[in-house]
**Q** 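The structure that follows is given in the form of structure tokens.
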Amino acid sequence: MKLIVFSDSHHANITDMLVIIDEEKPDAVLHLGDLTADVDDIRCVHPDVPVYNVRGNNDWNVEGVKDSMIICAEQARIFITHGHLYGVRRNTLALEEAARKNGCNAALYGHTHEAEVTRKHDMLIANPGSISMPYTADPPSYLRLEIHGEHIEPELVYLEMQKKKRWY
């Protein structure tokens, strides 16, 4: 099973997300918040692909979108959240605790706009970075998860800097 994970798109890179979905042909897409309007666009263009999303700190006045949720993929349990309510700018300890309390073997978050994949004991902790506005010198990125049973194989994928900005 293949999952594609986006975060922090901020309504600035919908075209690349749609192309990625076309090329990757995932079983599902996860969006970790900021902005839910992008999720609406994905669902409109790809109505046959399940899309799961959570609210980010910039998702105001959005009804029916949770702050966190658990995704079951094969035998894996994945806790997803934006991260701002778990203090992820400082560390991921509260995030890990919430994931463990919910019987999950992975915790995915966004908010920091910095891509990261780590394993702590038996827990995968990953941030896909920002698909449109990374805070580092790295290009925009997303996360590809290949799931086999309860094993989750993560891969960060960086977009090549194909667009040049013109200053007039």
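Along the sequence shown, the residues carry numbers beginning at 1. Hydrogens, waters and symmetry mates are skipped; everything else that's a heavy atom, side chains included, is used.
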**Q** How about V39 and Y52: do any of their side-chain heavy atoms sit closer than 4.5 Å?
**A** no

**Q** Under the 3.5 angstrom rule, does the side chain of D59 hit a backbone N or O of T36 as a donor-acceptor pair?
**A** yes

**Q** Can any side-chain N or O of H113 pair as donor or acceptor with the backbone N or O of M133 at less than 3.5 Å?
**A** yes

**Q** Return the CG to CG distance between D38 and N53, rounded to the nearest 0.5 Å.
**A** 10.0 Å

**Q** Is it true that atom CZ of R89 has more than 12 heavy atoms of other residues, nucleotides or ligands lying nearer than 6.0 Å?
**A** yes

**Q** Measuring from H11:NE2 to S132:OG, what's the distance to the nearest 0.5 Å?
**A** 11.0 Å

**Q** Grouping I, L, V, M, F, W and Y whenever their side-chain heavy atoms are under 4.5 Å apart, do M17 and L156 come out in a common cluster?
**A** no

**Q** Counting N and O atoms only, with roles assigned by atom type, does the side chain of T81 sit under 3.5 Å from a partner on the main chain of S68, one being a donor and the other an acceptor?
**A** no

**Q** CG of D48: more than 12 outside heavy atoms within 6.0 angstrom?
**A** yes

**Q** Does NZ in K120 sit with more than 12 non-hydrogen atoms of other residues, nucleotides or ligands closer than 6.0 Å?
**A** yes

**Q** Examine distances only and state if a side-chain atom of D34 and a backbone atom of H10 form a donor-acceptor pair shorter than 3.5 Å.
**A** no

**Q** With a 4.5 Å heavy-atom cut-off, do L3 and I78 have their side chains touching?
**A** yes

**Q** For W60, run the side chain to side chain contact (heavy atoms under 4.5 Å, CB included) check against N57, N58, V62 and tell me which one passes.
**A** N58

**Q** Nearest 0.5 Å, what's the CD1-CG distance between I131 and L159?
**A** 4.5 Å

**Q** Apply side chain to side chain donor-acceptor pair (under 3.5 Å) to residues N105 and R100 and explain how you reach the verdict.
**A** CA-CA 7 Å; N105 52 336; R100 286 185 197 288; over 6 Å; no

**Q** Any sub-3.5 Å donor-acceptor pair from K2's side-chain atoms to E24's backbone N or O?
**A** yes

**Q** Does some side-chain heavy atom of L18 sit less than 4.5 Å from a side-chain heavy atom of I14?
**A** yes

**Q** Give the intermediate values and the outcome of side chain to side chain donor-acceptor pair (under 3.5 Å) for residues E155 and Y142.
**A** CA-CA 9 Å; E155 182 181 358; Y142 66 96; over 6 Å; no

**Q** If only atom types and distance count, is the side chain of N102 paired as donor or acceptor with the main-chain N or O of C104 below 3.5 Å?
**A** no

**Q** Can you name the closest pair of heavy atoms from I147 and E74 and give their distance?
**A** O-OE2, 3.3 Å

**Q** Taking T136 for its side chain and E114 for its backbone only, find out whether a donor-acceptor pair lies under 3.5 Å.
**A** no

**Q** With a 3.5 Å distance limit and no angle check, can you tell me whether R77 reaches the backbone of C72 through a side-chain donor-acceptor pair?
**A** no

**Q** Working to the nearest 0.5 Å, report the span between CD of E146 and CD of E153.
**A** 8.5 Å

**Q** Taking the side chain from S141 and the backbone from P128, do they hold a donor-acceptor pair closer than 3.5 Å?
**A** yes

**Q** Do Y109 and I125 have side-chain heavy atoms sitting under 4.5 Å apart?
**A** yes

**Q** Do the non-hydrogen side-chain atoms of H31 and S7 ever get within less than 4.5 Å of each other?
**A** no

**Q** Can you find a pair of side-chain heavy atoms, one from F6 and one from V29, that are under 4.5 Å apart?
**A** yes

**Q** Below 30° counts as parallel, above 60° as perpendicular, anything between as tilted: where do the rings of H111 and H82 land?
**A** perpendicular

**Q** Got L143 and L145 here, is their nearest side-chain heavy-atom distance under 4.5 Å?
**A** yes

**Q** Counting distance only, does the side-chain N/O of R144 pair as donor-acceptor with the main-chain N or O of V157 below 3.5 Å?
**A** no

**Q** Answer yes or no: is there a side-chain heavy-atom contact under 4.5 Å between I4 and L30?
**A** no

